[in-house]
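What follows is a short report on a single structure.
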Amino acid sequence: MLAGPAMADPASDYADYCAACHGESRLGGLGPALIPETLGRMRGPDLDAVIAEGRPATQMAGFAEELGPEGVAALAEYLRRPLAKVPDWGAEEIAASRETNPDYVAADAPQWDADPMNVTLAVETGDHHVSVLDGDTFEVMDRFATPFAVHGGPKFTPDGRFVFIMSRDGWVQKYDLWALQEVGRVRAGLNSRNIAISADGEWLAVANYLPMTLTILATDDLSVAKIMPVVAKDGTESRVSAVYQAPQRDSFILALKDAAEIWEVSTDPEAAPVYEGFVHSYETGMVEALASSEGLFARRRIEIDEPLDDFFFSDDYRNLIGAARDGSRAVVVNLVVGRAIAELPLEGMPHLGSGISWELDGRRVMATPHLKEGKLSVIDTESWELVKTIETDGPGFFLRSHENTPYFWADVFFGPNRDAMHVIDKRTLEIVKTLRPVPGATVAHVEFTRDGRHALVSVWEEDGAVIVYDAATLEEVTRLPMNKPSGKYNVWNKITFSEGTSH
Ligand code: DHE
């Protein structure tokens with residue numbers, strides 16, 4: 001009998017060709033974690049092509065010759081399967097992952113002349129770097145390597161001195177803006193969503209999918225302050241979709257992916273006790289609390305009817321709007337009374353996390369893009385009525401504005417018009433101009449300088465750029481070449497929680 005083609009053995013191929021860089025258990029090393037939670041989120045060439053041909057300008061080589069087409073397909077399939085067992089990733093493992101920069105020298109004042117409050121970071125996802133920009137001259141003050149696949153906004157300490165950056169593989173990097181040096185990094189989770197810093201700048205919360213925990217780090221030395229397993233009242237374990245800082249409430253707010261609860265974790269050491277209900281004990285004849293916590297990291301559960309995520313917060317942080325899973329509604333939850341108070345019909349998957357707010361005719365409104373429809377919804381944040389639907393050239397991802405500009409900027413991230421950027425008048429709610437700086441290239445995400453005079457727009461391509469516009473005349477001022485720039489973050493706008501930026 002003739003021998004057929006050798007059966008592909010992806011586990012052994014993984015051990016032979018991938019494990020040295022991506023870790024024996026697929027959790028990353030020199031290269032990123034190769035687990036579905038990470039791979040499913042990566043844009044760019046598909047997995048089979050990367051295995052076969054490698055990634056240009058990286059250490060990822062191609063293995064088409066060694067594996068053959070069937071071997072490549074089998075290995076890709078193997079990597080798309082979830083891990084059979086999620087390894088422990090508790091305080092010990094996190095502490096062991098901590099790395100400090102041996103060359104770091106702390107500076108007690110900025111070692112440069114720029115306005116420290118007008119520094120802007122630009123995340124370059126093409127080669128995993130961050131550029132530090134002087135917001136007045138637009139000079140690049142430093143460009144440093146980040147962990148692989150940074151996601152979400154970096155978070156600044158309230159004095160603007162340090163910034164924390166998170167990658168999808170759960171690494172948290174601490175960078176000193178005064179010294180222009182990395183301080184160190186730690187792996188707070190195996191697959192993480194985003195980070196939030198406490199109002200006093202002491203604590204950094206990391207929202208994790210893997211394991212299903214919230215990790216709280218001390219910001220001074222990245223040590224583990226607390227790990228909270230996320231388990232709903234009915235015993236369901238849940239991933240954390242995102243964690244947000246609620247400054248006026250001195251707390252973190254958690255959106256849970258798999259449970260109909262919102263969590264609030266206090267960052268006030270004097271926080272009053274939070275009780276989770278009471279029972280009458282027949283043994284003691286007393287009324288006893290089911291569970292309670294108080295002080296720093298006291299946890300409150302807000303029970304809702306369905307899981308909500310992607311939160312927008314009203315400026316006073318009394319209310320949040322969360323997106324329902326079916327993509328057609330948003331629910332307003334009042335954090336003071338701890339329950340849903342309104343429902344908004346918002347077809348087309350609103351992207352509430354990108355929402356911004358401003359004053360319109362004496363009332364405070366917010367605007368949100370939609371990920372599945374070419375429109376923006378403007379909502380009154382007191383009556384929760386829809387004020388207007390603005391038609392756009394396609395579904396968008398981000399919105400941005402500033403207190404000192406009459407316009408807000410909306411990208412068209414998806415579809416044939418992804419090279420368009422709408423500029424919309426906050427008073428008339430009409431599009432006043434549609435910019436197309438590089439025909440055919442994706443343009444997305446805007447950040448303003450501290451004074452709101454300039455708007456920085458990403459040309460989201462490997463040979464891309466950050467384009468600086470005069471925010472009043474809408475004329476181009478300068479173009480800074482960058483490698484697939486994504487988000488930009490101005491120190492002042494972020495630490496003051498500008499109404500024109502998502503928080
Ligand atoms: Fe993001 C912010 C969730 C896909 C780029 N994104 C956020 C935040 C959340 C979130 C919860 C707020 C975090 C913060 O700043 O603290 N993102 C999600 C998703 O659930 C979604 C749709 C699917 C997923 O991949 O998990 C998603 N995000 C993307 C992308 O595909 C983007 C465009 C490219 C990328 O880098 O992965 C992307 N997300 C961003 C950016 C921000 C962000 C640039 C920060 C925006 C800001 O201005 O603050």
Side-chain angles (χ1 to χ4, degrees), residues 32 36-44 120-126 128 130 146-156 163-170 172 191-197 204-210 239-246 252-257 307-313 320 322-323 325 327 349-356 369-372 395-402 408-414 418 442-448 455-458 460-461 464 466 483-491 493-495 497-498 500-503:
E37 292 81 355
T38 309
L39 295 169
R41 295 301 169 205
M42 266 176 211
R43 293 167 159 255
T120 296
L121 300 189
V123 174
E124 294 183 63
T125 54
H128 314 285
V130 162
T146 66
F148 188 90
V150 165
H151 180 238
K155 299 290 149 42
F156 299 95
V163 64
F164 298 86
I165 295 167
M166 188 217 75
S167 76
R168 289 191 185 261
D169 279 351
V172 173
N191 185 258
S192 305
R193 301 286 299 162
N194 80 322
I195 50 177
I197 193 163
L204 193 82
V206 187
N208 300 319
Y209 263 10
L210 269 188
R239 294 167 289 174
V240 185
S241 289
V243 57
Y244 308 86
Q245 186 207 140
F252 294 127
I253 306 288
L254 278 64
L256 305 191
K257 186 86 183 160
L308 297 175
D309 59 14
D310 194 19
F311 293 168
F312 168 85
F313 292 87
L320 66 78
R325 199 56 61 74
M349 206 176 269
H351 191 208
L352 298 161
S354 291
I356 56 162
H370 291 254
L371 298 171
K372 291 269 159 76
F397 213 95
F398 303 106
L399 297 184
R400 209 64 146 212
S401 187
H402 189 279
F408 71 98
W409 299 50
D411 56 46
V412 184
F413 201 70
F414 305 99
R418 58 183 176 275
T442 304
V443 288
H445 197 278
V446 180
E447 175 60 306
F448 286 81
L456 282 64
V457 174
S458 291
W460 200 294
E461 304 285 344
V466 162
N483 192 338
K484 218 172 185 192
S486 57
K488 281 98 44 225
Y489 310 90
N490 175 273
V491 171
N493 296 340
K494 283 296 174 186
I495 64 177
F497 284 70
S498 161
T501 164
S502 45
H503 298 165

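In listed order, ligands and their atoms are each counted from 1. Note that this is a predicted model, so its numbers are computed, not measured.
The shortest side-chain heavy-atom distance between F413 and L371 does not fall under the 4.5 Å cut-off. Side-chain contact between V243 and L254: present, with at least one pair of heavy atoms (C-beta onward) separated by less than 4.5 Å.
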Given ring-ring contact (aromatic ring centres under 6.0 Å, His included), test H351 with F397 step by step and report yes or no.
CA-CA 7 Å; H351 191 208; F397 213 95; 4.6 Å; yes
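On a distance-only criterion, G153 and ligand 1 share at least one N/O pair closer than 3.5 Å. Backbone and side-chain nitrogen or oxygen atoms of R168 are examined, and one is located within less than 3.5 angstrom of a nitrogen or oxygen of ligand 1. The distance criterion of under 3.5 Å between nitrogen or oxygen atoms is met by H151 with respect to ligand 1. Geometrically, ligand 1 and K155 share a nitrogen or oxygen pair separated by less than 3.5 Å. Between Y244 and ligand 1, not a single N/O pair is under 3.5 Å apart. Considering backbone and side-chain N/O atoms, S241 never comes within less than 3.5 Å of an N/O atom of ligand 1. An N or O contact shorter than 3.5 Å links H445 to ligand 1 by distance.
Ligand 1 does not have V243 within reach: every non-hydrogen atom of the residue lies 4.0 Å or more from it. At least one heavy atom of R400 sits less than 4.0 Å from an atom of ligand 1.
Note that CG of D411 is 10.5 Å distant from CZ of R400, once rounded to the nearest 0.5 Å.
Atoms of ligand 1 lying under 4.0 Å from at least one heavy atom of A242, given by number and element, are 11 (C). The atoms of ligand 1 that sit less than 4.0 Å from any heavy atom of I195 are 16 (O).
Of all heavy-atom pairs spanning L320 and I253, the tightest one is CD2-CG2, 4.1 Å.
Residues forming a side-chain contact (heavy atoms from CB on, under 4.5 Å) with P485 (at least two apart in sequence, or on another chain): S458, V466, M482. Under the rule for a side-chain contact (heavy atoms from CB on, under 4.5 Å), the partners of R239 that lie at least two apart in sequence or sit in another chain are Y209, M212, K257, D258.
Between the side chain of K155 and the main chain of I195, a donor-acceptor pair closer than 3.5 Å is present.
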